[in-house]
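Numbered from 1 within each chain, the chains take letters A, B, ... in sequence-line order.
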There are 2 protein chains.
Amino acid sequence: MLAGAELADEIGFAAVTVSELARRAGVKVPSLYSHVRSSQDLKTRIALLALEELADRGSAALAGRAGKDALAALANVYRDYAREHPGRYAATQMPLDAETALSSAGPRHSQMTRAILRGYDLTEPDQTHAVRLLGSVFHGYVSLELTGGFSHSAPDSAESWARILDALDAMLRAWPPTPER
Amino acid sequence: MLAGAELADEIGFAAVTVSELARRAGVKVPSLYSHVRSSQDLKTRIALLALEELADRGSAALAGRAGKDALAALANVYRDYAREHPGRYAATQMPLDAETALSSAGPRHSQMTRAILRGYDLTEPDQTHAVRLLGSVFHGYVSLELTGGFSHSAPDSAESWARILDALDAMLRAWPPTPER
DNA sequence: CACATTCGCCTAACACCTTTAGGTTGCGTG
DNA sequence: CACGCAACCTAAAGGTGTTAGGCGAATGTG
């Protein structure tokens, strides 16, 4: 559903509608129902497409890189994709049912993050904790930036992003031992 | 709009609708239009309520704490609130127009995060970078956990959360100097 | 006390989105 | 050539959002 993805980027994922898509395609609404099962289905397809594209870009960026290089490369894939395709990025946040999620490119994303950690000295279960942390930062920062969280204030968002990647790299190199609790 | 917030928690923020709210209230739909200007307005009010509640809990939790204690306290406010009130939490992610955002409890949130950093040795602009990083992690982790990102897999999500707070605390204590670029 | 105002609710009506049912046309294949 | 399929159509029903205008009860005032 490339047309759907383009529509999402243009008017926002939340505003994607079968009717609007039909209008753009110069076609009557019910005609689209031979291509998508429902409005929900349309949105799901956009989400799956976006997850794939994002995973493809990620693995391309990761090839031949390690350590902080790899960290920054993958992080920038997310940020750049979200800025380039805000509607598609928003689609990736759509909740999918368990089965769909498993057959999506979702698992590739956590694998990529895990791959980055090969450049650092982490063993299970800390590796999984770190995967979750990195995923949280990527997703959190990009989505806050997108919804205008810290848009026009003092330090440039790009500068914060660079310094955050510095800090994450340092954190992964000095991952703290499990404390007694 | 407490009734709206309760509805959001029950059926999900995305499913909140003037019609459904009217149905629950045992009232005809147009009757609600003397209380809210529009469907958008209803959702905005829920978002504002949630932002306030969350800020109130945050400042209560922060009182009398510093350093890692404060970090964990605020972080847990977000996570607990999201688990307790998923619909309201989702509402806080709704984009608000600039004016509404400024008059909302939104600014209190960044102030609280900044307050945590008083326990660490950071000066501007690194303090702002750190505020953005912490905000990203809180928001990112909580929202990934909520949409089932890492729900039923190996290390418990609560364990990851604890270790992530350890790592963030260590990172803030050893914030890296700005590198040459 | 009578009145006017206000408040909360209602019905009617329109526009738009979703979805299903069923019919048309055109084109490639056996 | 006949068949079947693909892609489109019209018709119609049901739900949500929204506006307009009206009704009755509570309330505060001269």
Side-chain angles (χ1 to χ4, degrees), chain A residues 1-51 85-101 104 147, chain B residues 1-51 85-101 104 147:
Chain A
M1 281 293 105
L2 225 178
E6 283 162 4
L7 179 60
D9 286 335
E10 196 178 328
I11 66 175
F13 183 64
V16 167
T17 202
V18 179
S19 299
E20 187 59 32
L21 188 56
R23 210 168 293 134
R24 307 273 174 132
V27 137
K28 299 296 179 178
V29 180
S31 305
L32 287 190
Y33 277 77
S34 18
H35 303 285
V36 288
R37 231 188 325 282
S38 66
S39 184
Q40 186 65 19
D41 179 45
L42 167 64
K43 289 183 195 144
T44 301
R45 284 171 195 244
I46 297 173
L48 293 177
L49 171 77
L51 284 171
H85 298 295
R88 288 173 215 214
Y89 185 79
T92 65
Q93 303 175 219
M94 194 184 91
L96 301 174
D97 61 273
E99 191 197 359
T100 309
S104 77
T147 64
Chain B
M1 281 295 102
L2 225 178
E6 283 163 4
L7 178 60
D9 286 335
E10 198 178 327
I11 67 174
F13 183 64
V16 167
T17 203
V18 179
S19 300
E20 186 60 30
L21 187 56
R23 210 169 292 136
R24 306 274 174 131
V27 136
K28 299 295 179 177
V29 179
S31 305
L32 288 189
Y33 277 78
S34 18
H35 302 285
V36 286
R37 233 189 322 282
S38 67
S39 183
Q40 186 64 19
D41 180 44
L42 167 63
K43 289 181 194 146
T44 301
R45 282 169 196 246
I46 297 173
L48 293 176
L49 172 77
L51 283 170
H85 298 296
R88 282 144 140 120
Y89 185 79
T92 64
Q93 303 176 218
M94 194 184 91
L96 301 174
D97 61 274
E99 192 197 1
T100 310
S104 77
T147 64

Show the distances under 3.5 angstrom between N or O atoms of the protein and N or O atoms of nucleotides 21-28 of chain D.
none

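For A:Ser39 and C:dT18, the shortest distance from a side-chain N or O to OP1 or OP2 is below 4.0 Å. A close approach under 4.0 Å does occur between a side-chain nitrogen or oxygen of A:His35 and OP1 or OP2 of D:dC8. Neither OP1 nor OP2 of C:dT19 sits under 4.0 Å from any side-chain N or O of A:Arg37.
Looking at heavy atoms from C-beta onward, B:Leu51 lies in side-chain contact with B:Leu96 at the 4.5 angstrom threshold. Side-chain contact between A:Thr92 and A:Arg88 is absent, with no heavy atoms from C-beta onward closer than 4.5 Å. Between A:Val18 and A:Val29, the closest side-chain pair of non-hydrogen atoms falls below 4.5 Å. By the 4.5 Å heavy-atom criterion applied to side chains, B:Phe13 and B:Met94 are counted as neighbours.
Proximity note for A:Ser31 (side chain, C-beta onward) versus D:dA20, C:dC9, D:dC8: the nearest is D:dC8. Minimum atom distance to the side chain of A:Lys28 is reached by D:dT10, of the listed D:dG17, D:dT10, C:dC17.
Contacts between residues 7-22 of chain B and DNA chain D, counted as heavy-atom distances below 4.0 Å, involve B:Thr17, B:Val18, B:Ser19.
Between B:Asp41 atom CG and D:dT19 atom P the separation is 11 Å, expressed in whole Å. Counting to the nearest Å, the C1' atom of D:dC9 and the CG atom of A:Leu32 are 12 Å from each other. The CZ-C1' distance, from A:Arg23 to D:dC8, rounds to 18 Å in whole Å. Look at OH on A:Tyr33: it is 4 Å from P on C:dT19, rounded to the nearest Å.
The shortest heavy-atom contact between A:Leu48 and A:Ser104 is CD2-CB, 3.4 Å. Across every non-hydrogen atom of A:Val27 and A:Ser31, the tightest pair is CG1-CB, 3.5 Å. Considering all non-hydrogen atoms of both residues, A:Ala91 and A:Ala47 come closest at O-CB, 3.3 Å. The heavy-atom pair separating A:Leu7 from A:Arg24 by the smallest distance is CD1-CZ, 3.8 Å.
Across all strands, A:Val29 comes closer than 4.0 Å to base atoms (heavy-atom distances).
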Tell me, with the steps shown, if A:Leu42 and A:Met1 meet side-chain contact (heavy atoms from CB on, under 4.5 Å). CA-CA 8 Å; A:Leu42 167 64; A:Met1 281 293 105; 4.1 Å; yes
